[in-house]
Amino acid sequence: MLAVEHLFLWFLFYSFLGWVYESILVSVQERRFVNRGFLNGPLCPIYGTGAVLASLVLGGLSGHPVLLFLVSALGASVLEYATSWAMERLFHARWWDYTDFRFNLNGRICLLGAVVFGLGGVLIVRVIQPQVEYWTGLMPLPVVHWLSIVCLLLLIIDLTVTVAGIAHFDDSLAAFTDIVQGHAAKAGDHWQWGRDALRGRIHDWAESSQEVLSGLRDVAALMLNEQQRRMIESFPRLKSVNYDRVLETIRELLRRD
């Protein structure tokens, strides 16, 4: 039982480090603070999962840094690809997209990411994990037990709230689509749904009627719950499988707020 609790605490620690890394990286790219996490709390579980697996499986390769780098890069890429595929099937959305990066595979993984994860695996196995094991080993048993219980409960609550909030993401986008189409029909504007038609229409409406633009922004804010709006903000490359153009329009509207 103690071993399981230690693994869980390691998972939380590396998930937090992953959140810090992702938040800094995306915040610099977006030039604004981005709370980069699927969950509400400061955790990126994919990093915690990958780091713990690396610590358990690849510890025997610590004396072979090149091999450790290659296996870490491959393993992390497989995990990232599988996570991207599974989340897309569950929520009908792609949370990250490497299509613009060279040497990518279906936009789910890319060579640059594999290199970063490979270096991260070497750093974790050879440098960070020995220290993590040392310090967690010094923690009193009651502290380990209670910390594990409290953090597990918080994680379950966070996961439940998050999943419930984004479960009907596609339905919200579909409802917004119907309203935009209805507005266009009422205005006698029978335009086609081309690649950038919605975003182009937003700019046209912005120039012709601030009242219409404000109304659409209010509709978008009402139809998307807090969790869905946070996801749009947290994942600038988030793409809806069925309503990608609409999602881009909503992102444009919310940023004008």
Side-chain angles (χ1 to χ4, degrees), residues 14-51 76-77 79-101 104-110 112-114 116-117 120 155 158-177 195-196 198-199 202 217 220-221 223-257:
Y14 287 116
S15 295
F16 174 72
L17 288 186
W19 177 84
V20 171
Y21 164 75
E22 286 276 342
S23 296
I24 292 176
L25 180 64
V26 178
S27 295
V28 170
Q29 293 174 344
E30 293 292 308
R31 297 182 180 179
R32 61 183 176 85
F33 174 72
V34 177
N35 176 15
R36 179 71 165 189
F38 177 74
L39 300 174
N40 291 284
L43 299 174
C44 284
I46 188 173
Y47 283 87
T49 302
S77 296
L79 177 62
E80 185 177 30
Y81 192 99
T83 302
S84 173
W85 180 87
M87 292 182 69
E88 183 174 321
R89 291 298 180 274
L90 286 172
F91 304 112
H92 307 290
R94 179 172 292 193
W95 304 90
W96 57 86
D97 187 4
Y98 298 119
T99 302
D100 296 333
F101 289 73
N104 71 85
L105 180 60
N106 297 327
R108 300 186 190 279
I109 57 176
C110 68
L112 178 60
V116 172
F117 291 138
L155 181 60
D158 195 344
L159 182 61
T160 301
V161 171
T162 300
V163 172
I166 64 174
H168 303 289
F169 192 37
D170 252 24
D171 294 339
S172 299
L173 296 181
F176 180 80
T177 301
R195 176 175 174 80
D196 293 319
L198 272 178
R199 296 195 70 185
I202 290 298
R217 184 169 56 244
M223 288 191 165
L224 295 169
N225 60 45
E226 184 177 350
Q227 288 293 325
Q228 293 167 351
R229 293 196 299 271
R230 190 182 69 79
M231 290 299 169
I232 294 176
E233 289 294 318
S234 298
F235 293 87
R237 293 181 178 271
L238 172 65
K239 292 184 177 181
S240 168
V241 173
N242 299 318
Y243 299 98
D244 193 25
R245 295 188 298 273
V246 182
L247 179 58
E248 287 299 316
T249 301
I250 292 175
R251 182 176 286 117
E252 178 76 13
L253 283 168
L254 293 178
R255 285 180 177 176
R256 287 174 175 267
D257 201 357

Which atom of [X] lies closest to which atom of [Y], heavy atoms considered:
| X | Y | result |
| --- | --- | --- |
| Ser15 | Gly48 | OG-CA, 3.3 Å |
| Ser240 | Asp170 | OG-OD1, 3.3 Å |
| Ser77 | Ala114 | OG-CB, 3.4 Å |
| Ala51 | Tyr14 | CB-CG, 3.3 Å |

Find out whether [X] and [Y] are in side-chain contact, i.e. whether some heavy atom of one side chain is under 4.5 Å from a heavy atom of the other.
| X | Y | value |
| --- | --- | --- |
| Val116 | Tyr21 | yes |
| Asn106 | Tyr81 | yes |
| Ile24 | Arg36 | no |
| Pro236 | Arg32 | yes |
| Arg94 | Arg108 | yes |
| Leu17 | Tyr47 | no |

Separation between [atom1] of [X] and [atom2] of [Y], rounded to the nearest 0.5 Å:
| X | Y | atom1 | atom2 | result |
| --- | --- | --- | --- | --- |
| Ile166 | Ile232 | CD1 | CD1 | 11.0 Å |
| Gln227 | Arg230 | CD | CZ | 5.5 Å |
| Glu22 | Leu25 | CD | CG | 6.5 Å |
| Leu159 | Leu43 | CG | CG | 11.0 Å |

Taking it one step at a time, do Thr49 and Thr83 satisfy side-chain contact (heavy atoms from CB on, under 4.5 Å)?
CA-CA 11 Å; Thr49 302; Thr83 302; over 6 Å; no

Set out, in order, the CA-CA distance, both residues' side-chain angles and the distance that settles side-chain contact (heavy atoms from CB on, under 4.5 Å) for Ile46 and Phe38, then state yes or no.
CA-CA 10 Å; Ile46 188 173; Phe38 177 74; over 6 Å; no

As a quick check of understanding, evaluate side chain to side chain donor-acceptor pair (under 3.5 Å) for Thr99 and Asn104, giving each step before the final call.
CA-CA 6 Å; Thr99 302; Asn104 71 85; 5.1 Å; no

Donor-acceptor contact present, side-chain [X] to main-chain [Y], <3.5 Å:
| X | Y | answer |
| --- | --- | --- |
| Asp97 | Arg237 | no |
| Asp158 | Leu39 | no |
| Glu88 | Trp85 | no |
| Ser23 | Asn35 | no |
| Ser84 | Glu80 | no |
| Glu233 | Val34 | no |

Using ring-ring contact (aromatic ring centres under 6.0 Å, His included) as the criterion, point out the one residue from Phe91, Trp96, Trp95 that pairs with Phe235.
Trp95

Can you confirm whether Glu226 is buried at CD, in the sense that more than 12 heavy atoms of other residues, nucleotides or ligands lie under 6.0 Å from that atom?
no

Atom CZ of Arg89 with >12 non-hydrogen neighbours under 6.0 angstrom:
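Correct, the count exceeds 12.
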
According to the interplanar angle, ranging from 0 to 90°, do the rings of Phe33 and Trp19 count as parallel (below 30°), tilted (30 to 60°) or perpendicular (above 60°)?
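Aromatic pair Phe33/Trp19 classed perpendicular.
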
Name the orientation class of the two ring planes belonging to Tyr98 and Phe101 (parallel below 30°, tilted from 30 to 60°, perpendicular beyond 60°).
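Plane angle over 60°, so perpendicular.
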
